[in-house]
Peer 1: 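Quick one: this structure, given as structure tokens, is what I'll be asking you about.
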Amino acid sequence: MSANPARRAFLALFLGAAAIAVPAQAETVQVTIDRLAYAPAEIEAKVGDEIEWINRDALVHTATVQGGAEVLLPAKKSGRLVLQEPGSFDYICRYHPNMKGHLIVRP
Amino acid sequence: MTIRLATAAAAIALLLGSNWALAADKPTDQQIAHIAYTAGVIDVEAAKQAIATSKNKTVVEFAESMVRDHESVNKQALDLVKKLNVAPEDNDTSKALSQAAETKREELAKLTGADFDRAYVENEIAYHKQVNGALETLLIPSAQNAELKSLLETGLKLFQGHQQHAEHVATELK
Ligand SMILES: [Cu+2]
């Protein structure tokens, strides 16, 4: 009836390990595009998080990191990107390079 | 060819400058709507000429984005004038813009290959600069209706974006 100490030790070990192995909950960070501007223009997130750009314009935009990822954002649609590597990135719209955003990805 | 291009740009500047200067009275909202709409149509026409003529992927893609954006904004402009019940009114500035565009189109029609690509993109830079100047100094300050003003302000950001996009394409062509 009383708990088996060995079993308890095993459970503690197992759960402890699991708690370490499961990464912090990944989040979705939203950026809205309205009248050719990213808002907020600067965002911070961590590896594994997802950025969702919501394009409210009737224009096609992109979120393009120079020499890196590009997300196409059709008119009135949204696009997503899962962050893979830490760093500090400037991004622009390929079609309207005066649209500028900045992304800080923590490890 | 460079000299001819520069001359053409100067001619457009002179033509538009003088026309805008001549109209001592501020343009009305009806005239502003017509000018802005015409400026978009002209760029769509130029882009269609480029799509039909150019074999350069970057140039064609740029031209396609001009068609897409200007058609979208002009549709918004039409919806707005309908809603506001202001009939766009033809005027000397719109006429001068169309005439300069026609001259340019004929000039570009004589070119092919890389010569065409460079001339088209150079003209896109000059043209967007010209329209941006007009939007900033005359059209936006003159607009009376708040919604029209707001659409013109978005139009300015769009045209500035196109100018920078054209400048990127131009560096790729060098
Ligand atoms: Cu854009």
Side-chain angles (χ1 to χ4, degrees), chain A residues 29-45 51-81 83-85 87-105, chain B residues 36-37 40 43-44 47 50-51 57-80 83 121 124-125 128-129 131-132 135-136 140 146-172:
Chain A
V29 183
Q30 292 187 329
V31 178
T32 303
I33 299 172
D34 188 22
R35 283 178 274 182
L36 296 106
Y38 302 108
E42 180 139 347
I43 42 171
E44 247 188 86
I51 310 291
E52 182 184 23
W53 284 273
I54 302 162
N55 181 8
R56 296 238 164 93
D57 285 342
L59 301 163
V60 181
H61 295 301
T62 72
T64 306
V65 178
Q66 193 137 36
E70 173 163 285
V71 182
L72 186 70
L73 308 165
K76 303 275 183 192
K77 297 241 161 65
S78 56
R80 291 158 174 270
L81 177 71
L83 303 172
Q84 316 266 13
E85 52 172 321
S88 177
F89 307 97
D90 284 321
Y91 70 91
I92 58 166
C93 169
R94 189 150 58 95
Y95 301 121
H96 315 107
N98 54 339
M99 293 172 60
K100 293 185 170 91
H102 192 77
L103 181 59
I104 294 164
V105 187
Chain B
Y37 189 83
D43 206 43
V44 169
I51 292 165
K57 197 172 150 261
T58 309
V59 171
V60 170
E61 203 206 16
F62 169 79
E64 282 168 349
S65 70
M66 292 303 111
V67 173
R68 197 168 64 212
D69 282 2
H70 287 294
E71 282 185 344
S72 167
V73 168
N74 268 3
K75 190 187 166 297
Q76 286 179 57
L78 278 189
D79 290 348
L80 181 64
K83 184 185 144 196
V121 174
E124 282 297 289
I125 296 170
H128 282 89
K129 243 184 229 172
V131 175
N132 289 338
L135 280 165
E136 272 174 314
I140 292 171
E147 279 182 89
L148 177 63
K149 203 189 264 281
S150 157
L151 185 63
L152 293 170
E153 278 162 355
T154 304
L156 174 61
K157 266 202 263 176
L158 181 69
F159 271 64
Q160 286 169 337
H162 289 171
Q163 187 189 322
Q164 285 187 26
H165 188 187
E167 284 163 355
H168 280 204
V169 174
T171 57
E172 273 188 51

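Lettering follows sequence order; numbering is per chain, from 1.
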Peer 1: Go through B:Met66, B:Arg68, B:Gln76 and name the one with the most non-hydrogen pairs under 4.5 angstrom from chain A.
Peer 2: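 Ranked by contacts with chain A, first place is B:Arg68.
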
Peer 1: Centres of the A:Tyr95 and B:His168 rings: under 6.0 Å?
Peer 2: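 When the ring centroids of A:Tyr95 and B:His168 are compared, they turn out to be at least 6.0 Å apart.
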
Peer 1: Side-chain contact, heavy-atom cut-off 4.5 Å: B:Gln160 with B:Leu156?
Peer 2: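 When only atoms from C-beta onward are counted, B:Leu156 and B:Gln160 do touch, with a gap below 4.5 Å.
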
Peer 1: Atom CZ in A:Arg35, atom OG in B:Ser150: separation rounded to 0.5 Å?
Peer 2: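 Nearest 0.5 Å value for the CZ-OG distance: 4.5 Å.
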
Peer 1: Sub-4.5 Å heavy-atom contacts with chain B: which residues of residues 66-74 of chain A show up?
Peer 2: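 Answer by number: none.
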
Peer 1: Tell me yes or no: between the side chains of B:Asp69 and A:His96, is some donor less than 3.5 Å from an acceptor?
Peer 2: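 Yes, because at least one side-chain N or O of B:Asp69 sits under 3.5 Å from a partner of the opposite role on A:His96.
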
Peer 1: Enter the distance from A:Phe89:CZ to A:Leu83:CG here, rounded to the nearest 0.5 Å.
Peer 2: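 It is 8.0 Å, given to the nearest 0.5 Å.
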
Peer 1: Tell me yes or no: between the side chains of B:Glu167 and B:Gln163, is some donor less than 3.5 Å from an acceptor?
Peer 2: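 On atom types as modelled, these side chains qualify, holding a pair under 3.5 Å.
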
Peer 1: What part of B:Thr154 gets within 4.5 angstrom of chain A, counting heavy atoms only: side chain, backbone, both, or neither?
Peer 2: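 Both parts, backbone and side chain.
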
Peer 1: Hey, are the side chains of B:His165 and B:His128 touching, using non-hydrogen atoms and a 4.5 Å cut-off?
Peer 2: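 B:His165 does not reach B:His128 side chain to side chain.
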
